[in-house]
Amino acid sequence: KAINLFQKAVKDDPKEANNYNNLGVAYKGANKMDDAIKAFSGAVEAEPNNTAGYINRGVVYTTQANYDKAIQDLDKAISLKSDSIPAYRFRAFAYLQKKDYKKAIDDYNVVLKEKDDPAILDRRAFAYWNLKEYDKAIDDFSKIIKDKQKGKEAYLDRSYVYELKHDYAKGIADCDQVLSMDPGNQDAKNRKARLEYQQKQSNS
């Protein structure tokens with residue numbers, strides 16, 4: 001029904017970018033991604049400086065794993081509106097998928113100036129650990145744990161970074177934290193056993 005309504009709106013006023021954006025969002029909701037791209041393209045054709053059209057199309061390109069085109073659209077959105085947090089956020093994700101971790105971190109830094117979002121901290125930490133900047137990754141996971149004391153995944157992730165740093169005691173402590181919250185957690189059990197073995201080997 002929404003698609004039909006917005007198709008009519010586009011037909012009635014083909015120069016109104018918002019009609020195309022609304023149609024694109026409806027197509028995206030219906031998982032018709034190619035149609036969504038055509039609609040968002042209509043938005044930027046109707047209004048070349050329509051930031052929302054570029055962001056929306058960039059997001060769809062991201063869902064299709066077409067990261068180069070996504071980055072191109074999000075670059076344009078940022079050139080039009082330099083404080084567009086959604087554009088930085090989605091561009092960072094595209095960079096992350098391309099394994100361009102430095103650029104992903106730069107964009108996540110902009111996003112995190114607005115607020116400490118645990119999901120964004122988690123992604124930035126992932127980028128840091130891939131760059132082997134382990135202390136920065138640990139700082140991000142620690143912020144997540146501080147804000148969300150029951151965050152089992154953050155403890156597990158941090159324990160893995162401690163393992164990479166050969167700081168086995170702290171890794172074991174994080175596994176113990178997970179097991180105190182979820183005694184049956186197999187990932188924590190396996191990692192703790194591995195860390196204890198590595199600790200023993202390093203001390204022998």
Side-chain angles (χ1 to χ4, degrees), residues 28-29 31 33 55 58-68 70-71 74 84-204:
K28 185 171 178 281
N31 203 33
M33 297 304 182
I55 293 173
V59 170
V60 176
Y61 281 137
T62 300
T63 66
Q64 294 182 323
N66 195 337
Y67 302 119
D68 289 330
I71 289 167
L74 296 164
S84 174
I85 295 301
Y88 284 103
R89 181 168 172 252
F90 288 112
R91 191 175 70 174
F93 181 76
Y95 280 135
L96 201 66
Q97 297 308 305
K98 282 172 62 70
K99 299 183 179 180
D100 194 338
Y101 300 117
K102 179 66 173 64
K103 287 183 179 178
I105 288 167
D106 288 342
D107 278 357
Y108 283 137
N109 288 344
V110 175
V111 177
L112 287 164
K113 284 180 182 177
E114 187 175 75
K115 66 174 181 176
D116 275 353
D117 181 329
I120 301 303
L121 286 167
D122 182 73
R123 289 174 187 164
R124 188 175 70 175
F126 176 77
Y128 276 135
W129 111 30
N130 276 279
L131 290 174
K132 298 185 179 180
E133 295 188 39
Y134 299 135
D135 288 338
K136 290 180 179 179
I138 286 167
D139 285 344
D140 278 350
F141 287 131
S142 298
K143 288 176 185 175
I144 297 169
I145 289 165
K146 184 178 178 181
D147 291 342
K148 190 178 179 183
Q149 293 293 332
K150 299 296 182 183
K152 290 184 293 187
E153 290 303 319
Y155 279 113
L156 273 173
D157 288 336
R158 192 173 68 175
S159 74
Y160 182 64
V161 181
Y162 279 134
E163 181 178 3
L164 293 172
K165 285 191 67 180
H166 309 294
D167 195 339
Y168 305 120
K170 287 183 178 177
I172 291 166
D174 274 355
C175 291
D176 284 336
Q177 283 286 348
V178 175
L179 292 169
S180 71
M181 294 182 279
D182 179 11
N185 190 293
Q186 199 60 48
D187 287 338
K189 288 180 180 180
N190 292 342
R191 186 164 298 161
K192 181 179 179 182
R194 188 171 73 233
L195 285 161
E196 287 177 335
Y197 174 79
Q198 290 173 322
Q199 185 181 52
K200 185 178 178 181
Q201 291 295 106
S202 68
N203 291 334
S204 61

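Please read all numbers here as calculations on a predicted model, not as lab measurements.
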> Determine the minimum heavy-atom distance between Val59 and Lys28, stating which atoms define it.
CG1-CE, 3.9 Å

> Rounded to the nearest 0.5 Å, what's the gap from CD on Gln199 to CD on Glu163? Could you check?
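CD of Glu163 is found 11.5 Å from CD of Gln199.
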
> Going by atom types only, do Gln186 and Asn190 share a side-chain donor-acceptor pair under 3.5 Å?
yes

> Do the charged groups of Lys98 and Asp68 touch, with an N to O distance under 4.0 Å?
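Between Asp68 and Lys98 there is a salt bridge, with a charged N closer than 4.0 Å to a carboxylate O.
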
> State whether the number of non-hydrogen atoms from other residues, nucleotides or ligands found under 6.0 Å of Tyr67 atom OH is greater than 12.
yes

> Do any pairs count as a salt bridge (charged side-chain N to carboxylate O under 4.0 Å, His left out) and have a residue in residues 117-126, sequence neighbours left out, and if so which ones?
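Only Arg124-Asp140 qualify under salt bridge (charged side-chain N to carboxylate O under 4.0 Å, His left out).
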
> With rounding to the nearest 0.5 angstrom, report the CZ to CD1 distance, Phe90 to Ile71.
14.0 Å

> Looking at CG of Leu121 and OH of Tyr108, how far apart are the two atoms once the value is rounded to the nearest 0.5 Å?
11.0 Å

> For the residue pair Gly58 and Ala70, what are the closest heavy atoms and their distance?
O-CB, 3.3 Å

> How close do Ala188 and Val178 get, heavy atom to heavy atom, and via which atoms?
CB-CG1, 3.7 Å

> Between Lys192 and Asp176, does any NZ, NE, NH1 or NH2 come within less than 4.0 Å of an OD or OE carboxylate oxygen?
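Here Asp176 pairs with Lys192 in a salt bridge, since their nearest N and O are under 4.0 Å apart.
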
> Which value, rounded to the nearest 0.5 Å, describes the distance between Leu131 atom CG and Phe126 atom CZ?
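Nearest 0.5 Å value for the CG-CZ distance: 10.5 Å.
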
> How long is the gap from CG on Asp182 to NZ on Lys189, to the nearest 0.5 Å?
9.0 Å

> Are the side chains of Tyr160 and Leu156 in contact, using a 4.5 Å heavy-atom criterion?
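In short, these two side chains do not touch, never coming nearer than 4.5 Å.
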
> Under 30°, 30 to 60°, or over 60°: which ring-plane class applies to Phe141 and Trp129, parallel, tilted or perpendicular?
tilted

> Are Arg191 and Asp174 within salt-bridge range, i.e. N to O under 4.0 Å?
no

